[in-house]
Amino acid sequence: MFRAEIRKEIGKIVPAGTIFSVGRPENPEHGDYSSNAALVVAKELKKNPREAAEELKNKLLSNPIAKWVEKIEIAGPGFLNFWIKKEVLFKALGSKPKFPKRKEKISLDYLDANPTGPIHIGHARSGFLGDALSNILEVAGHKVSREFYVNNAKVNTQIRSLGKTALGRGEEYKHAQLFSLLKKSIVKKKLSKAKHESEAGFYIAGLIHKENERFLKNKAKIKYNLFFEEESVYASGLLKNILEKLVKSGAAYEKDGAMWLRASKYGDSEDRVLVRSGGEPTYVAADIAYHWDRMVKRKFDLIINIFGADHYGYGPRLKAALAALGLDPKRIKIIGVQTARLVSGGKEVKMSKRKGEFITLEELLDNIGLDATRWFFLERSPDTHMDFDLDLAKERSKKNPVYYVQYAHARACSILRKRKAGKIVNLELLTQPEELALIKKILQLPEIVEDIARDYQVHRLPRYAYELAQVFTNFYEKHKVIDEKNPDLTKARLALVLATQKTIKTTLSLMGIAAPEKM
RNA sequence: GCCCUCGUAGCUCAACUGGAUAGAGCGCCGGACUUCUAAUCCGGGGGUUACAGGUUCAAAUCCUGUCGAGGGUACCA
């Protein structure tokens, strides 16, 4: 919260449009916050950096922030380092965390497993990321619709192929989930009446999706507000409407009996087929309709799609299509998620979708547990190719960071069970470096949330959780909380422990991870 | 071939988006339990940020090229 204020005040002084940073230096000698603003300004105005820093500092000291900044120091080539007054920190610790109050309407789409098979580990990263990001954006004040696009259109090639397999005429989707469905007599009966493969496929897809939906809700705890069915844009006539619009505006044209989108005109590498020569619309056509529904009908300010690596290249096509409809592509943010490899005993665990040898997310959860699984997927930046170490994730020990954080929480709870934190306390008694470090760490959470709401880098959160647990443990090792000889200090420390416990709990719950009171 | 993402300690990953001495965890070595939870803590070693140039006060980060990994490149989704 202090950081946002510092940024705001500097922003008022420097020339408009100046890009500068306000960060939290790792080295405590560099203050609680640090900014490179003077260096940036000096470059633009061709000034001496130290002089520019001096000037900035003097102006800042006559601003409102002077009330809560203890001192501003100019260091190194011209950094401005800020220290916050202790009484201000105490006051902040004593009040509720101030999360940012952003007010956008966001439609966030994630996981989108095809209803042709079970949710597998390839979906996990996108699913957990989407779920956690939704939580974070909501805490940051946004209104978020959590959405899952179900690719179940009857004209969809994969749906037809699924129907083919279900009717015993195809090989593609022979997997355990399908076989167990085919054993049911109702399913057999229904399939025998199906006139066409696409009809059979649509029916089976509905069953598979229901199972997947139940699994996500009950076991993976990945929440949704809306399952948007691809088939619905056909049934409602929306797709037909959109295609007419595109033809009318000249963004679509006929060639070789098919309808093409002039995508190359809007930034895509080539034009794309919207309606096949057989008369069936393609995936992108239906997807445009889905996005129209989100952007125009339901009026979301921002559209976020989390795409897997295999889908990421599709982004420009989608954006081009929406640009052709006159929608601003800047309202769409696509987050790419790289593939995850499962590693055990130092070797990759191979899975082949084609042979039906995929590892389902359910198997992984049964093996590892939800908390550790979520932690491991959220811990890494989504754009790196990650290794998921099964052996490490399984380990319930200090090697496993998720338990370290949960343990710190349980420890705090244990202290609070012995002695309850009171309401009236004198926090000024907290003067030890470990205590101050802990207070500052606790106060950082809203800033982390703010950062993530801005750039969607969810992996900052597990890192923060770990750091917080570490700082708390340092404090715990060094200082005894309950001290009968010093009741006032005990009260102050109990208040600190309570604030820590609440902050760890909040952080973990944003990630969908439990915060046990005993371990 | 072209496009996208990535390459950082032995391993898995960070680095506040161009900032100060590149940081954590694991593993390794050495130490600490009569204690509010030892699922813990303290100390140590470990780096030419794949490579070669360039841009500037400042580069792991930006630009060019090379090498390597993964993905995309359908009238599949």
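All values below were derived from every heavy atom in this structure, side-chain atoms included, with hydrogens, water molecules and symmetry-related copies excluded. Order of the sequence lines fixes the chain letters, A, B, ..., with proteins taken first and strands second; residue numbering starts at 1 for each chain.
With contacts defined as side-chain heavy-atom distances shorter than 4.5 Å, the pair A/R7/A/F20 qualifies.
Under 4.0 angstrom from either OP1 or OP2 of B/A77 there lies no side-chain N or O belonging to A/Y283. Distances shown here put a side-chain N or O of A/R276 below 4.0 Å from the OP1 or OP2 atom of B/A77. Residue A/R341 places no side-chain N or O under 4.0 Å from the OP1 or OP2 atom of B/U12. Here A/T157 reaches the OP1 or OP2 of B/A77: one of its side-chain N or O atoms lies under 4.0 Å away. One finds a side-chain N or O of A/T384 lying less than 4.0 angstrom from the OP1 or OP2 phosphate oxygen of B/A14. For A/N36, no side-chain nitrogen or oxygen approaches OP1 or OP2 of B/C16 to under 4.0 Å. Applying the 4.0 Å criterion to OP1 and OP2 of B/C42, one finds that A/K478 has every side-chain N and O outside that range.
Shown here are the ring-ring contact (aromatic ring centres under 6.0 Å, His included) partners of A/F2, two or more places apart in sequence or in another chain: A/W68. With sequence neighbours left out, A/K420 forms a side chain to side chain contact (heavy atoms under 4.5 Å, CB included) with no residue at all. Partners of A/F376 by ring-ring contact (aromatic ring centres under 6.0 Å, His included), not counting sequence neighbours, listed by chain and number: A/F388. A/H209 pairs by the ring-ring contact (aromatic ring centres under 6.0 Å, His included) definition with A/F148, A/F227, not counting sequence neighbours. Take A/S381 and apply the side-chain hydrogen bond (donor to acceptor under 3.5 Å, both in side chains) test, not counting sequence neighbours, and it matches A/D383. Residues passing the salt bridge (charged side-chain N to carboxylate O under 4.0 Å, His left out) test with A/R417: none are found, sequence neighbours excluded. Listed by chain and residue number, A/R341, A/V343 satisfy the side chain to side chain contact (heavy atoms under 4.5 Å, CB included) test with A/D387 (two or more places apart in sequence, or in another chain).
Between B/C75, B/G23, B/C76, one nucleotide has an atom nearer to the side chain of A/E26 than all others, and that is B/G23. In the set B/U35, B/G19, B/C41, B/U35 carries the atom at the smallest distance from any side-chain atom of A/K480. Among the nucleotides B/A20, B/C16, B/U12, the one closest to the side chain of A/A75 is B/A20. Picking from B/U17, B/U5, B/U37 the nucleotide with the shortest atom distance to the side chain of A/A410 gives B/U37. Taking only side-chain atoms of A/Y404, from C-beta outward, the nucleotide of B/C75, B/C41, B/C16 with the closest atom is B/C41. The side chain of A/Y466 lies closest to B/G25 when the candidates are B/U17, B/A20, B/G25. Side-chain proximity of A/D387 to B/U12, B/C75, B/U40: nearest is B/U12. For A/N151, the side-chain atoms get nearest to B/A77 when compared with the rest of B/A77, B/C75, B/U37.
Backbone-only engagement by A/D383 is indicated by non-hydrogen atom pairs under 4.0 Å involving sugar-phosphate atoms exclusively. A/S21 comes within 4.0 angstrom of the backbone, heavy atoms only, and of no base. Residue contacts for A/D256: at a heavy-atom cut-off of 4.0 Å it reaches a base atom on one of the strands shown. A/N81 comes within 4.0 angstrom of a nucleotide base, judged by non-hydrogen atoms across all strands.
Stem analysis of RNA chain B (Watson-Crick or G-U pairs, both distances under 3.5 Å, runs of at least three) returns B:1-7 with B:67-73, B:10-13 with B:23-26, B:28-32 with B:40-44, B:50-54 with B:62-66.
One P atom belongs to B/U61, the other to B/A9, and the distance between them is 15 Å to the nearest Å. Spacing of P atoms, B/A74 relative to B/U66, comes out at 24 Å, to the nearest Å. When the P atom is used for both B/U40 and B/G45, the distance is 23 Å, rounded to whole Å. A gap of 11 Å separates the P atoms of B/G10 and B/G46, to the nearest Å. On the P atoms, B/A32 is 33 Å away from B/A22, given to the nearest whole Å. Between B/G27 and B/A20, the two C1' atoms lie 31 Å apart (nearest whole Å). Between the P atoms of B/G19 and B/A60, the separation comes to 10 Å (whole Å). B/G18 and B/C63 have their C1' atoms separated by 14 Å, given to the nearest Å.
Not a single donor-acceptor pair, N or O on each side, falls under 3.5 Å between the base of B/A77 and the side chain of A/T116.
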Atom pairs and distances, side-chain donor-acceptor, residues 472-479 of chain A, under 3.5 Å, sequence neighbours left out:
from   : atom 1 : to     : atom 2 : distance (Å)
A/T473 : OG1    : A/A469 : O      : 2.6
A/K478 : NZ     : A/E434 : OE2    : 3.3
A/H479 : NE2    : A/E434 : OE1    : 2.9

Q: Classify every nucleotide of nucleotides 56-62 of chain B by which part a protein heavy atom approaches to under 4.0 Å, writing B for the base, S for the sugar-phosphate alone and - for neither, in 5'-to-3' order.
A: --B----
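Rounding to the nearest 0.5 Å places NZ of A/K394 at 5.5 Å from CD1 of A/I368.
A side-chain contact (heavy atoms from CB on, under 4.5 Å) with A/C413 holds for exactly one of A/M519, A/Q501, A/K518; it is A/Q501.
Looking at residues 483-497 of chain A, you'll see that no heavy atom sits under 4.0 Å from any atom of RNA chain B.
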Pairs under 3.5 angstrom, nitrogen or oxygen only, protein versus nucleotides 67-72 of chain B, please.
from  : atom 1 : to     : atom 2 : distance (Å)
B/G71 : O2'    : A/A309 : O      : 2.8

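Residue ring and nucleobase are stacked for A/H30 and B/A20, with a centre distance beneath 5.5 angstrom and an angle between planes beneath 30°.
Ion pairing between A/D483 and A/K480 fails under the 4.0 Å rule for side-chain N and carboxylate O. Taking the charged nitrogens against the carboxylate oxygens, A/E450 and A/K98 have no contact shorter than 4.0 Å, which rules out a salt bridge.
The distance between atom CZ of A/R463 and atom P of B/G25, rounded to the nearest whole Å, is 11 Å.
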